[in-house]
Amino acid sequence: MKYVIASDIHGSAYYTEKLLSMATSLNADKIILLGDVYNHGPRNRLPDGYDTMKVASLLNGVKDKLLVIKGNCDSVVDTMISEFDFLESGIIVMNGKTIFLTHGHVYNKDNLPKTGFDLLIYGHFHTGFIENVNGRIIAYTGSTSLPKNNTANSFMVLDESELSLIDIESGNIITKTNI
């Protein structure tokens, strides 16, 4: 199974198209969005290609491949334009490893979930990283459309053996780890 995992699109049709194109070229089985799909948020500038209805149309077109986690900028009204659900969190089991998926505004490296996990992947902070903390992998996708602290626009790819953080502009691997 191959997953493309992204967060913090914040209504950018431009980066949604790039993400879906990358998912297609990588032959991803599923696309996981870790929240903040449409709304740009009150502290963020408008991202390139801000067009929430186009983002909804693009994502509705791949709804059978989507798993979407609710972010702090996602609201009930977002579900009205979406043909998919927004979940509070998610868990995947791959090769005997438990992978906990969340947006990051509640659970993150400073506030770990009580649920047992081997790998925690989240969004929210707009800076991508992968760390090994006490034998568990803690990873943040970065922001697809609004990166912070001079980090790249990024997303992740998770497959049976590794997790990679990828620059969405170049397609280059920023960092990776075996899982």
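Numbers for residues simply follow the sequence, beginning at 1. Fair warning: this is a prediction, and the values are worked out from it, not measured in the lab.
Legend: salt bridge (Lys or Arg N to Asp or Glu O under 4.0 Å) pairs involving residues 12-26, not counting sequence neighbours, sorted by first then second residue: Glu17-Lys54, Lys18-Glu169. The salt bridge (Lys or Arg N to Asp or Glu O under 4.0 Å) analysis of residues 104-131, with sequence neighbours excluded, yields the pairs Lys109-Glu131. Residue pairs meeting the side-chain hydrogen bond (donor to acceptor under 3.5 Å, both in side chains) criterion with at least one member in residues 89-102, sequence neighbours excluded, are Asn95-Glu160.
For the atom pair CG of Asp167 and CE of Met22, the computed distance is 8.0 Å after rounding to the nearest 0.5 Å. If you take CG on Asp29 and CD1 on Ile31, they are separated by 10.5 Å, rounding to the nearest 0.5 Å. Taken to the nearest 0.5 Å, the CZ atom of Phe155 stands 12.0 Å off from the CG atom of Leu33. Note that NZ of Lys176 and CG of Leu163 are 11.0 Å apart. Values are rounded to the nearest 0.5 Å. With rounding to the nearest 0.5 angstrom, the OG1 atom of Thr115 is 10.5 Å from the CG atom of Leu120. Separation of atoms CZ (Phe84) and CG (Asp64) is listed at 11.5 Å; rounding is to 0.5 Å.
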*Decide yes or no on side chain to side chain contact (heavy atoms under 4.5 Å, CB included) for Val55 and Ile81, but give the supporting numbers first.*
CA-CA 10 Å; Val55 171; Ile81 61 171; over 6 Å; no
_Derivation of the side chain to side chain contact (heavy atoms under 4.5 Å, CB included) call for Phe117 and Ile91_ = CA-CA 9 Å; Phe117 67 90; Ile91 292 180; over 6 Å; no
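Residues Ile166 and Ile174 share a closest heavy-atom pair of C-CD1, 3.9 Å. Scanning all heavy atoms of the two residues, the minimum distance from Asp78 to Cys73 falls at OD2-O, 4.0 Å. Residues Phe129 and Ile138 come closest through the heavy atom pair CE1-O, 3.6 Å. Nearest heavy atoms, Gly71 versus His103: CA-CG, 3.4 Å. In this structure, Ser154 and Gly142 approach most closely via the heavy-atom pair OG-CA, 3.4 Å. Taking both residues in full, the closest heavy atoms of Leu158 and Ile5 are given as CB-CD1, 4.0 Å, listed atom of the first, atom of the second, then distance.
Shown here are the salt bridge (charged side-chain N to carboxylate O under 4.0 Å, His left out) partners of Lys63, two or more places apart in sequence or in another chain: Glu83. Listed by chain and number, the residues in a side-chain contact (heavy atoms from CB on, under 4.5 Å) with Glu88 are Lys70 (sequence neighbours excluded). Judged as a side-chain contact (heavy atoms from CB on, under 4.5 Å), and not counting sequence neighbours, the contacts of Lys30 are Met1, Tyr3.
Side-chain contact between Ile121 and Met156 is present, with heavy atoms from C-beta onward closer than 4.5 Å. Contact annotation: the side chain of Ile69 approaches that of Leu87 to within less than 4.5 Å [non-hydrogen atoms, C-beta and beyond]. Between Ile99 and Leu101, some side-chain heavy-atom pair lies under the 4.5 Å cut-off. At least one side-chain heavy atom of Asp36 sits less than 4.5 Å from a side-chain heavy atom of Asn72. Between Ile92 and Ile32, some side-chain heavy-atom pair lies under the 4.5 Å cut-off.
One N or O on the side chain of Thr16 and one on the backbone of Ser12 form a donor-acceptor pair closer than 3.5 Å. Remark: the backbone N or O of Asp74 is not paired with any side-chain donor or acceptor of Asn39 at under 3.5 angstrom. Thr151 places no side-chain N or O within 3.5 Å of a backbone atom of Thr127 that could act as its donor or acceptor partner. Asn60 contributes no side-chain N or O that, together with a main-chain N or O of Ser82, makes up a donor-acceptor pair within less than 3.5 Å.
Looking only at atom types and distance, the side chain of Asp8 has no donor-acceptor partner in the side chain of Tyr15 under 3.5 Å away.
Residues Met94 and Leu165 fall within the same hydrophobic cluster, defined by Ile, Leu, Val, Met, Phe, Trp and Tyr side chains chained together at heavy-atom separations under 4.5 Å. A single hydrophobic cluster is seen to contain both Leu20 and Val4, as judged by linkage of ILVMFWY side chains at heavy-atom distances under 4.5 Å, directly or through other members. Leu19 and Tyr50 fall into different hydrophobic clusters, where Ile, Leu, Val, Met, Phe, Trp and Tyr side chains are chained together by heavy-atom contacts under 4.5 Å. Using a 4.5 Å cut-off between side-chain heavy atoms of Ile, Leu, Val, Met, Phe, Trp and Tyr, with links allowed through other members, Ile9 and Tyr14 fall into the same hydrophobic cluster. Grouping the Ile, Leu, Val, Met, Phe, Trp and Tyr side chains by contacts below 4.5 angstrom, directly or via other members, places Tyr38 apart from Leu67.
More than 12 non-hydrogen atoms from other residues, nucleotides or ligands lie less than 6.0 angstrom from CG of Asn132.
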